[in-house]
Structure formats: C-alpha cells, structure tokens
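Just so you know, residue 1 is the first one in the sequence shown, and it goes up from there. In each ligand, atom 1 is the first atom listed, and ligand 1 is the first ligand listed.
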Amino acid sequence: MSFPEARMRRLRKSENVRELVSGVRLDARDLVYPIFVNEKISARRGIAGMPGQYHHPLQGLGKIIKECESAGVSGVLVFGIPGEMDELGSQASADDGIVQKAVRTIKEKSNLVVFTDVCLCQYTNHGHCGVLAGNGVDNDRTLELLAKTAVSHAHAGADFVAPSAMMDGQVKAIRGALDESGFSDVGIMSYAAKFASSFYGPFRDAVESSPKKVKGLPNIRDRGTYQMDFRSVRQAMREISLDVREGADIVMVKPALPYLDVIAAARRTFATPLAAYQVSGEYSMIKLAAERGLMDEKKAFLETMTAIRRAGANFIITYAALEVAKWLNEN
Ligand code: PBG
C-alpha cells in the first residue's frame, strides 16, 4: 500500500498544536472601533443597515468609551454628523464642530488612541469629498480645507488624523499644516488605497453622505474621479508610495476583504505600519447573513478578520471590534 507523501494532519492533531503553528492570531489590541457622533440627536440611535451600530450624541460618549476600554481595543476612529451642511462643508473644520468636541471628551475620559476621519463628504450638502467647481471636484481648493480640518482635530487632541478624501497631495498638505501649527507630534494615518467601492453603502446611508444633486452645482453621481479603480493593484502601490513619501505614519487599505491581495502587496513593499478597514458593507454582509441563519456570526468575523491579519495588516478598523474583542477575551 502507498502512504501519503506528507501527513499534514499531524499539525492539526489538537487545539494546542494548531495554536502553536497558526502563525497569526487576533488580539483585541489590534482593533480600532469607528464611532459615529451625531450633533442632531440627544439619545443613542440605531443605524438601520448596520445592526448593533449606533449614532451617539455627544453626551452619550462616556458609555461607549467605557465599553471600548473594557473590551481592550486600542483606539477609536471618530466620524461626525454635523447639524448643518453647506457647499464647502464648513462644519468640518469648525473649532466647536462635532468631531472636535467629541475628541476633547474622549481624550479627557480615556487613553484610547484617537483617530479622526478627515473628509468633507459628511459636511457638504452635495455629499462629495471635496469642493465642487467647474464640472468636477477641485483637488487643490479641497487640500486647503482638509488641512484646516486636520489642524482643528489636532487642536482638539487627536492622536492621528486620517484623511480619506483621496485628493492628490492631501498627506503633504496636512503634514505641512500640522507642522506649521505646532502639531509635529500628531500623526497621519492615510486612507492611501481607498477604492471606489459598493461596500460603503450602509455607511453612506448612515451618515447621509451619498453624492446628491444640488441646484446650481455640477451633478456628479459617484466618486469615480477621486477614489481608486478597483481593478488596479499597481495604482494602489503608487498611491501608498506617494503617501509614505508625503509623510504618512500609517497607511491603510480599504475595504479589506475584497482587497487581500492589495494588503499582501503593501506588506511586502512598504515598512510603514499597515491598517485595513473592514467597512460597513463587509460588516453588514455578515450580520445580515447571520440574522437569516446562514452563517455563524462569531466564526465568520473571526475568519475574515484573521484573513485580513494574515494578508499583512497590523491592525483592523472594524465595526465588529467590541464584539470580537469580547469573544477573544473569553478564550
Ligand atoms: C468618507 C468615508 C467613507 C467611509 C469612511 N470614510 C465613505 C465614502 O468614501 O463614501 C466608508 C466607511 C465604511 O463604509 O464603513 N470619505
């Protein structure tokens, strides 16, 4: 009789053997939790398309911050929903804006690493990530506003600002503005390879940031002229390389699961710490499938998140952070 060439099953013999040879493991400390802070509400409000996720009022932040601390995640990524939107998204950089206030509160109450999303789309009435001019999104005018927004976040106490508008030169503009304003110790996590993705659907619904028509302004239906074409890994490498040169301290690939190849390539090519963002659509896909009894939620999150770490991400930004951290801490 002929024997198998190798007996791989010896490495799967028991749980402890499997642990020893696993090569990668998830840890609550590798997680960052996104928080939505809404200026227009006074009580926590559920997000319909993202089961288990909420808009928080400023006054309600204490509770969620405590949950983050007891779950043992390392940081939070703050998104704001302002009371007012306008053509230039002016609330994004307001000193008493919702993110600025939220950051002050979080820093007062905790040691969590505070990342802030720097973009205009939640703040503009047309939903684009930059200033509309002529018949498009004006890159260089947007840079000034992003830089101003980043400085206001730094002023409030953010540890890392996270530009997500996909404007060319945004990292350089922000680095320069931070340094000039005396914030050389505030870091930049750039959404370096951010793809134009349908997986942002539930998020845009949640923050009302889908591009929409406003009278008198050009009607641009999607973000295809600034977010990346999902077909090209080489463009992603150029984007990351530019951001590293411009001064990014951490680079990010977003979404995560459909782009494991990009995460792996980025890991091989750059020494800069790498974040991956498991976005709203990735989260809701698992949640809704689990609600219908089609998947085991816990196993599906652990599997996808382990895959993202295996591909090479140092840490994961995910809406499942608190639940997953609890599961990990049970073991
Ligand atoms: C803002 C921004 C978006 C997300 C994070 N920052 C939306 C977008 O680009 O449309 C998406 C996050 C998610 O889907 O979880 N530009």
Check each N or O atom of ligand 1 against all protein N or O atoms and list the pairs under 3.5 Å, with atom names and distances to 0.1 Å, one per line.
residue, atom, partner, partner atom, Å
ligand 1, 6 (N), D117, OD1, 3.4
ligand 1, 6 (N), K254, NZ, 3.4
ligand 1, 9 (O), K194, NZ, 2.8
ligand 1, 9 (O), Q227, NE2, 2.8
ligand 1, 10 (O), R204, NE, 2.5
ligand 1, 10 (O), R204, NH2, 2.9
ligand 1, 10 (O), R223, NE, 3.0
ligand 1, 10 (O), R223, NH2, 3.2
ligand 1, 14 (O), S280, N, 3.3
ligand 1, 14 (O), S280, OG, 2.7
ligand 1, 15 (O), S280, N, 2.7
ligand 1, 15 (O), Y319, OH, 2.6
ligand 1, 16 (N), S164, OG, 3.4
ligand 1, 16 (N), K194, NZ, 2.9

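Taking the ring centroids of F79 and F203, they lie under the 6.0 Å cut-off.
Every residue two or more places apart in sequence or in another chain was checked for a side chain to side chain contact (heavy atoms under 4.5 Å, CB included) with N135, and none qualifies. Take F199 and apply the ring-ring contact (aromatic ring centres under 6.0 Å, His included) test, not counting sequence neighbours, and it matches no residue. Applying the ring-ring contact (aromatic ring centres under 6.0 Å, His included) criterion to H55, with sequence neighbours excluded, gives F36.
In summary, the side chains of E84 and Y123 do not present any donor paired with an acceptor at a separation below 3.5 Å, with no hydrogens or angles considered.
Using a 4.0 Å cut-off between charged side-chain N and carboxylate O, K287 and E297 make a salt bridge.
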